[in-house]
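Worksheet: one structure, shown below.
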Amino acid sequence: MLSIITDTILFFACLVVLAASIYLSIKLRFVQLRFIPNLLKTFVLSLTGKHEKTSHTIAPHRALFTAMSTTLGISTIVGPAIAIRLGGPGALVGFLLTSFFG
């Protein structure tokens, strides 16, 4: 009985988060898609060394890798594998939707 209650609460919490992220994506005019060219341009410039260099800045690619290393953890790597194992292909769809809108 407790399992059913917790599953229901988790399901509705995930729906609320997904609905909020879709709402924000629409309100921000899909910023995750609009800034892809800017992201690629900045990344290419940082790899070629043609970005602005001052004494108080960090290279954009180093900032990106630092941010990624602080947000990626063991749960981010193992979590999807466990979710797909327990939830099946539906978990993969959930991850794709959440990663796109989140």
Side-chain angles (χ1 to χ4, degrees):
M1 181 67 183
L2 184 61
S3 168
I4 295 171
I5 294 171
T6 56
D7 287 347
T8 305
I9 291 172
L10 182 62
F11 175 73
F12 284 116
C14 288
L15 281 181
V16 167
V17 169
L18 186 61
S21 61
I22 291 171
Y23 172 75
L24 286 174
S25 292
I26 291 170
K27 281 300 259 190
L28 294 173
R29 298 185 329 248
F30 290 93
V31 69
Q32 64 266 41
L33 296 177
R34 286 188 297 129
F35 282 97
I36 287 177
N38 189 19
L39 169 83
L40 294 176
K41 183 179 85 170
T42 303
F43 190 67
V44 168
L45 288 177
S46 70
L47 288 179
T48 58
K50 296 179 181 176
H51 62 279
E52 281 186 38
K53 294 180 184 176
T54 62
S55 62
H56 298 291
T57 60
I58 184 171
H61 69 282
R62 289 186 183 211
L64 172 69
F65 292 143
T66 302
M68 286 174 54
S69 69
T70 58
T71 56
L72 291 178
I74 190 69
S75 62
T76 309
I77 297 167
V78 176
I82 293 173
I84 291 169
R85 172 74 172 119
L86 295 176
L92 184 60
V93 173
F95 273 112
L96 290 173
L97 285 174
T98 313
S99 64
F100 178 76
F101 288 111

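Residue indices begin at 1 and follow the sequence shown.
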* What's the spacing between L92 CG and L97 CG if we round to 0.5 Å? -> 10.0 Å
* Asked: If you group Ile, Leu, Val, Met, Phe, Trp and Tyr by side-chain heavy-atom gaps below 4.5 Å, do L24 and V16 land in one group?
  -> no
* Would a hydrophobic clustering, with Ile, Leu, Val, Met, Phe, Trp and Tyr connected at side-chain separations under 4.5 Å, put L28 with L39? -> no
* Asked: What's the shortest heavy-atom distance between A83 and A91, and which atoms?
  -> O-CB, 3.4 Å
* F11 and L96: same hydrophobic cluster, using ILVMFWY side-chain contacts below 4.5 Å? -> no
* Asked: If you round to the nearest 0.5 Å, how far is CD1 of I22 from CZ of F30?
  -> 8.0 Å
* Structure fact -> dist I9:CD1 -> I4:CD1 (nearest 0.5 Å) comes out at 12.0 Å
* Short side-chain to backbone donor-acceptor contact, R29 and R34, under 3.5 Å -> no
* Point-to-point distance, once rounded to the nearest 0.5 Å, from CG of L40 to CZ of F35 -> 13.0 Å
* To do: Go through the steps to decide whether L33 and F100 satisfy the test side-chain contact (heavy atoms from CB on, under 4.5 Å), and finish with yes or no.
  => CA-CA 9 Å; L33 296 177; F100 178 76; 3.7 Å; yes
* **Joint cluster assignment, V17 & Y23, ILVMFWY side-chain distance < 4.5 Å** => no
